[in-house]
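FYI, side chains are in, hydrogens and waters are out, and symmetry mates aren't considered; it's all heavy atoms of this structure. Since the structure is predicted, the reported quantities are computational estimates derived from the model, not experimental observations. Naming: A, B, ... by sequence-line order, numbering from 1 per chain.
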Amino acid sequence: MMRRRMILVFLMPALTLYLCFLVFPAIQAFYLSLFETSGFGDNVKWVGLRNYSRLLTDHIFWLSVGNMLVILLAGGAAVFGFAFLFTVLLNSGIWGKKLFRAMIFMPNVIAAIAITTFWSFVFMPRYGLLTNILKSIGLEDLAKMAWTAPENIIWAMLVGLVWISTGFFTILILSGADKIPIDMVEAARLEGANNRQIFRLITLPMMWDVLLITLVLWVVQAITVFEFPYAFGGPEINQNLYTPSIYLYIMGFGQRDPIYQLGYATAIGVTMFLMMVISVTVLRLLLRWDQVEY
Amino acid sequence: MASVELKDIRKSFGNVEVIRDVNLKISEGEFVVLVGPSGCGKSTLLRCIAGLEPVTSGTLLLDGEDMTDADPISRGVAMVFQSYALYPHMSVAENIGFGLKIAGESKAAIKIRVLEIAKFLKLEMLLNRKPKELSGGQRQRVAIGRALARKPGIFLFDEPLSNLDASLRAEMRVELAKLHSDLGNTMIYVTHDQVEAMTLADRMVILNAGQIEQEGPPLDLFNRPANKFVAGFLGQPPMNFIRVNDVKLNGRILTVELPGGGKLEVRGDWGALNGTNGLEIGIRPEDVSVVAGAGKLPMEIDVVEHLGDQTILYGHLDGRQPMTVRLAGQLDYKAGQKLQLDLSPDRLLVFDLEGRNANLAKT
Amino acid sequence: MLFSASRYVLSVAALTTGLMASAGAGSAAELTFWSMWNETEPQAKALQMIMDAYTVANPETTFSVVWNGRQNQTKLRGALQAGTKVDFMDQDGDQLVGGLQKEGLAYDLSGIVDDELKNALLPGTLDLYSSDGKYYQITYIYNTVNFWYNKEMMDEAGATPPKTWDDLIAVCDAVKGIGKHALVVESDAADYNMLFFSNLVERTLGANAVLKLMEDKSGAGWADPAVLDAAQKSRQLWDAGCIAEDARGFQWPAGQTTVALGDTMGELVGSWLPTELLETAGQDFPWAAFSFPEVPGGVGKSTDMEVALIGMMVLKDSPNAEEAAQFLKYVVSEEAQKTMVETGVVGVTRKGVEWPAIIADGATSAAEATALSNFAGGLALYYPDFNSNVAKPEYNKMFLGQATPEEFVATMVAATAEYWKAQ
Amino acid sequence: MKSRKSILPRRWPRRWKNAASYIIVGGWSGFSLFFVLWVVFASLKSTRKLFSKPWSIPYDPAFGNYVKTWVSSRFGDYFLNSLLVVSLSVLVLLIVSTPAAYVLSRGKFRSRQVISSFLVFGMGVPIPLLFVPLAVIMAKLGLADTLSGLGLVYVAVSIPFTVFVLQGFFSSLPSELESAARIDGCKDWQIFWHVMLPLAKPGILTVAILNFVGLWNEFQLALVLIDSPENRTLSLGMYSLITSMKYSGGDWAGLFAGVTIVMIPTIALFLFLSDRMISGITMGGVK
């Protein structure tokens with residue numbers, strides 16, 4: 001029997017740090033979002049829910065939400081598509097599964113900020129790598145494309161983001177697939193199931209819980225995504241790359257232009273949090289949350 | 001050396017009562033085996049004695065001293081676990097010496113004691129190995145060595161042989177018996193294997209659903225089980241229970257009608273036999289003989305098992321009651337064959353409606 | 001940029017002798033300076049020399065510098081909150097007005113701004129950022145906004161610097177004739193792109209006209225035909241092929257690099273461009289500049305000019321405000337300004353100090369300037385959030401072809417009305 | 001291993017299917033390799049060459065790019081800052097998280113489940129939500145713009161994941177060892193110290209590496225909490241290099257030298273410990 005005193009001593013340091021620097025600020029965010037303050041002097045003004053009503057009509061905010069949805073849906077489709085493809089291919093009995101898995105995952109250990117530099121160079125019009133390749137294979141028309149033009153730039157950014165994320169989600173989904181006991185698949189094969197039936201009747205239901213968790217992870221990541229698009233946008237980030245997180249940062253901390261609307265910025269954060277909670281709840285309701293035990 | 005006394009011990013996990021009112025006295029130097037089916041609470045009882053689980057109520061006396069709430073260490077107990085629970089990150093020597101190190105013994109003293117034990121258990125060559133480099137039997141010995149290190153008064157064994165293969169298990173059984181005779185310590189041993197229980201125990205305690213069904217020397221329990229549970233639990237294949245009709249009691253003589261119409265007379269001290277309907281007689285498969293011609297009990301064979309030195313017949317009586325017969329030697333029986341059986345009356349047991357052994361003289 | 005120790009010592013010595021004569025006042029203090037320059041930039045080196053020289057002349061005054069880079073002011077706020085003491089800092093003048101100055105955190109420098117100082121500096125440079133007759137910053141670097149271009153390419157195309165908008169379009173045609181483009185932009189540098197708009201509006205309506213568009217709280221200011229005209233003319237640059245199609249995707253500094261690499265003739269931008277491209281373009285690049293052309297019927301003259309001045313500001317809470325102010329005064333002294341020019345390769349605010357050769361044309365336009373407007377119209381001064389969140393991005397959208405000029409006007413009218421309603 | 005399922009048409013011969021698998025998987029994996037190699041090559045060219053011959057191999061490597069980035073752009077200092085703040089954060093993180101995880105997996109007390117879930121909840125808090133409050137709190141505590149303040153926040157935001165993974169790890173250790181240690185006379189803390197902690201070493205090492213890599217690459221909190229250049233971490237230094245590069249004539253080669261400096265430590269760790277890292281992430285992510 002563990003003694004109460006030891007439990008306390010063992011738990012306290014972690015709980016204290018966690019409370020002070022994570023839970024408390026998170027709660028304070030809700031409070032701060034009811035004020036208007038620049039953070040400079042002591043001109044703190046209570047505005048109630050006005051920051052939120054302002055958000056409703058702020059088309060830049062909605063633009064950022066739109067971009068977020070592009071990342072969430074289009075990016076999500078690509079990431080999960082690739083992750084599934086790689087899971088299937090890696091489990092199709094090819095040699096070097098572990099090596100390939102590590103290589104696919106590798107971008108995740110490199111700072112996003114460093115990776116963006118590379119992708120900026122890839123998509124740079126006229127001198128970039130992509131243009132270079134297209135030119136060398138004779139696709140002059142495509143080579144002239146401005147990949148980072150305002151209407152394209154989010155897609156260019158998304159390519160890099162998908163590249164990184166695919167590795168992460170591949171290893172998660174792969175580990176879910178590897179959890180399935182092989183005898184179960186063999187039993188089904190003996191009973192005459194074909195590959196598609198095995199996938200639909202065995203693999204998919206047995207991976208259901210892993211799939212849901214990865215979906216939730218993606219939703220959370222997509223809603224809060226910050227550094228990759230931020231760094232991709234450079235010092236004068238284009239609004240076509242704004243995500244709610246970036247807009248929050250710009251409103252709270254500013255770039256070169258001085259905008260210091262701490263209350264409003266925090267309200268964006270709270271709204272993001274709510275979006276996260278709502279979408280996770282919806283996900284749970286849409287896709288039944290029953291786990292497979294085995 | 002120490003004696004153990006359990007008084008009205010109860011143990012619950014939440015709403016589930018695992019040990020119900022257990023009273024047990026174990027004298028110094030005794031080898032007691034707690035045996036019972038899985039989930040009967042025997043391991044929990046052992047852990048309560050060790051001090052690993054607090055009891056819900058009741059008293060635990062060690063050498064007459066109340067130790068109900070004491071630490072394992074002050075109880076002077078040592079324990080060998082089912083999985084051996086060797087510390088994987090320590091060498092054999094460190095495993096054996098760990099308790100001494102915690103007790104603050106000097107390095108030199110630990111070394112001497114570890115060598116002593118290693119010699120005793122023939123582990124000298126293995127002292128620097130890690131547990132994962134040892135065979136199952138070697139691990140078992142290290143676990144015992146670790147238990148020996150601090151010269152405990154009481155040894156507790158929690159199914160220590162169940163992870164070994166059959167032949168090694170037999171070998172270790174002998175070693176354990178030898179260990180007991182060498183050391184003479186009080187030992188409490190938990191197992192679900194009746195062979196281990198029968199061979200090792202000075203005294204067997206049969207547990208069922210958190211209660212003691214019966215205790216006593218192994219053969220006493222085998223021959224004179226207090227109830228159907230004990231009777232059925234000991235012996236392999238288990239005892240046959242046959243429902244009988246038309247019971248007549250005349251002093252010490254009990255007359256019953258067996259399935260198939262045969263009559264049987266059993267002598268005993270029946271007291272006021274509680275009701276005469278629904279009685280069952282119990283007979284072990286080896287106490288049945290096959291007779292040519294008319295016997296007391298007709299049976300049809302369903303399955304025959306040839307074990308080489310013996311032949312086991314599984315079949316049924318009239319009224320579909322199952323029946324098992326064990327015969328010595330290799331015999332040529334076939335499924336579907338009909339047999340006439342005879343029962344030896346002095347090996348018969350009679351169980352009343354509550355499943356108690358009805359022969360008062362024998363209990 | 002090569003930088004030899006001996007040259008450094010010589011310059012410091014020269015500076016110091018000048019200082020000794022004027023003999024600085026002030027007591028012992030270590031002044032903390034937060035700077036918008038990165039340590040590796042020539043401007044930082046020049047400032048370091050100036051500070052070293054000042055310390056030699058006034059041994060009691062030493063400096064501790066934080067080279068923050070362009071987000072200096074933003075970073076400074078965090079530091080001020082944390083209780084860090086900062087004595088003075090520098091940043092683009094217009095950004096300071098909208099930031100620290102507006103927040104009331106600037107020290108009033110009116111004490112050192114006398115007529116002598118005013119007359120010593122190029123006209124308007126101090127007044128541009130003064131408010132209510134008080135001075136909160138000393139502008140020490142002068143950036144003009146012109147078309148900076150490759151003179152050889154202009155000659156090769158057989159063109160001459162344009163005087164009117166139509167001339168400009170003709171120049172574009174001429175340059176196209178030799179397989180190049182006359183202009184380039186950076187798709188993400190919205191405030192650079194906005195220069196076309198603000199200059200066009202100012203050529204039509206006069207200096208500082210963009211700020212006035214904002215002042216009508218109904219938003220009707222933006223309905224002025226000059227706004228639509230400016231928007232349409234900026235689109236014309238694309239239609240007439242002044243700018244290459246793929247420039248829509250250039251991210252800073254990809255566009256300006258094309259000038260250095262000889263793909264493009266020039267860019268409408270501040271006079272810092274030749275300095276920035278020093279390494280890529282090489283020392284001998286034939287830099288020249290022409291002013292924004294006039295438009296037919298406009299009241300603005302070609303000598304009216306947008307500027308981006310860089311100012312130094314003393315913080316109100318500085319314990320050494322007076323010493324810092326004295327140093328600021330020194331930064332615009334002739335000796336210090338010469339160091340800024342020679343080592344920092346920038347234009348300066350003091351009259352009579354010759355600018356670096358590569359931006360000599362900037363010096364000429366600064367000397368001839370008839371009226372000064374703020375960079376990109378100056379919305380950043382008083383409406384910083386509106387500027388970054390509405391004006392710049394909306395114009396940029398239209399400029400890059402994601403909206404029509406008419407839509408842009410409508411958006412601006414509505415957004416301005418909404419902005420004032422929320423105040 | 002048996003073929004589990006295949007998305008390729010059934011009538012295709014197996015050899016073709018395999019070839020297709022190798023091409024797709026190998027292509028994607030190869031791109032990772034290409035990325036690293038190209039960046040390293042780019043960092044060894046002059047900017048002019050980088051633009052004119054982006055595919056060439058730099059036979060006369062321009063190490064000057066590294067000198068410039070390391071010294072003038074002060075990557076040397078940033079590297080040390082990162083090393084210091086990340087190592088210390090990970091150390092403190094382990095010191096506070098390991099005991100907590102142990103108690104939460106092995107202790108028996110009523111609020112255990114509640115505290116566990118409460119900690120897990122922290123994984124769902126979006127970091128941007130904390131930008132402003134953290135900046136305000138840090139300023140109040142006098143920790144704004146300090147590496148120690150940043151370190152404290154790093155520890156706090158890493159606690160949920162770390163405790164969660166370690167808790168799982170402790171739960172997987174056999175409970176009989178605990179009993180054995182108690183029989184051997186160990187007090188509660190001695191069981192932890194002598195038996196459970198040494199056994200949890202692989203798990204602790206795994207979370208240590210994962211957190212090291214994660215914090216080494218961390219950018220957004222540093223961006224918000226660090227103001228002075230001398231306190232920059234490497235990722236902030238990288239960002240300031242990206243932005244200042246624009247003012248110094250597009251020194252892309254120096255930029256890629258910076259990228260190389262940033263990524264070398266984590267890639268080196270990954271080369272040796274990829275299996276451990278991947279299994280740690282799937283443990284935290286999927287379990």
>> Once side chain to side chain contact (heavy atoms under 4.5 Å, CB included) is applied, do any residues pair with C/P405, and if so which ones, sequence neighbours excluded?
In response: C/L228, C/A231, C/Q232, C/R235, C/M398
>> Quick one, C/R70 with C/E41, criterion salt bridge (charged side-chain N to carboxylate O under 4.0 Å, His left out). Give me CA distance, side-chain angles, the key distance, then yes/no.
In response: CA-CA 12 Å; C/R70 300 303 184 277; C/E41 293 179 87; 2.8 Å; yes
>> Testing the basics here: between A/T224 and A/V220, what is the closest heavy-atom pair and its distance to 0.1 Å?
In response: OG1-O, 2.9 Å
> What residues of residues 15-33 of chain A sit under 4.5 Å from chain C when you count only heavy atoms?
Replying inline: none
> Is there a side-chain contact between C/Y382 and C/L211 (heavy atoms, below 4.5 Å)?
Replying inline: yes
> So among C/T257, C/T258, C/N150, which one has a side chain to side chain donor-acceptor pair (under 3.5 Å) with C/T264?
Replying inline: C/T258
> Which heavy atom of A/T166 sits nearest a heavy atom of A/V79, and at what distance?
Replying inline: OG1-CA, 4.0 Å
> So which of C/P393, C/A189, C/A190, C/A247 has the largest heavy-atom pair count under 4.5 angstrom toward chain A?
Replying inline: C/P393
> Passes salt bridge (charged side-chain N to carboxylate O under 4.0 Å, His left out), C/E407 versus C/K397? Steps please.
Replying inline: CA-CA 10 Å; C/E407 283 165 351; C/K397 236 198 260 175; over 6 Å; no
>> Need one label for A/Y127: side chain, backbone, both or neither, based on atoms under 4.5 Å from any heavy atom in chain C.
In response: side chain
> Strictly by modelled atom types, are C/E306 and C/S198 linked by a side-chain donor-acceptor pair under 3.5 Å?
Replying inline: yes
> Relative to chain C, which segment of A/F232 carries a heavy atom at a distance below 4.5 Å: side chain, backbone, both, or neither?
Replying inline: both
> Mind checking what makes side chain to side chain contact (heavy atoms under 4.5 Å, CB included) contact with C/A106, not counting sequence neighbours?
Replying inline: C/Y136, C/M313
>> Using every non-hydrogen atom in the two residues, find where A/Q239 and A/L63 come nearest and quote the distance to one decimal.
In response: O-CD2, 3.5 Å
> Is it true that the side chains of C/Q256 and C/E276 contain a donor and an acceptor less than 3.5 Å apart?
Replying inline: yes
>> Please check this pair: side chain of C/W222 against backbone of C/A414, looking for a donor-acceptor N/O pair closer than 3.5 Å.
In response: no
>> At a 4.5 Å cut-off on heavy atoms, which part of C/E186 comes close to chain A: side chain, backbone, both, or neither?
In response: neither
> Does anything in residues 51-60 of chain A get under 4.5 Å of chain C by heavy atoms, and if so which residues?
Replying inline: A/T57, A/H59, A/I60
> Which of the residues A/N238, A/N152, A/N240 is involved in the greatest number of heavy-atom pairs with chain C at under 4.5 angstrom?
Replying inline: A/N240
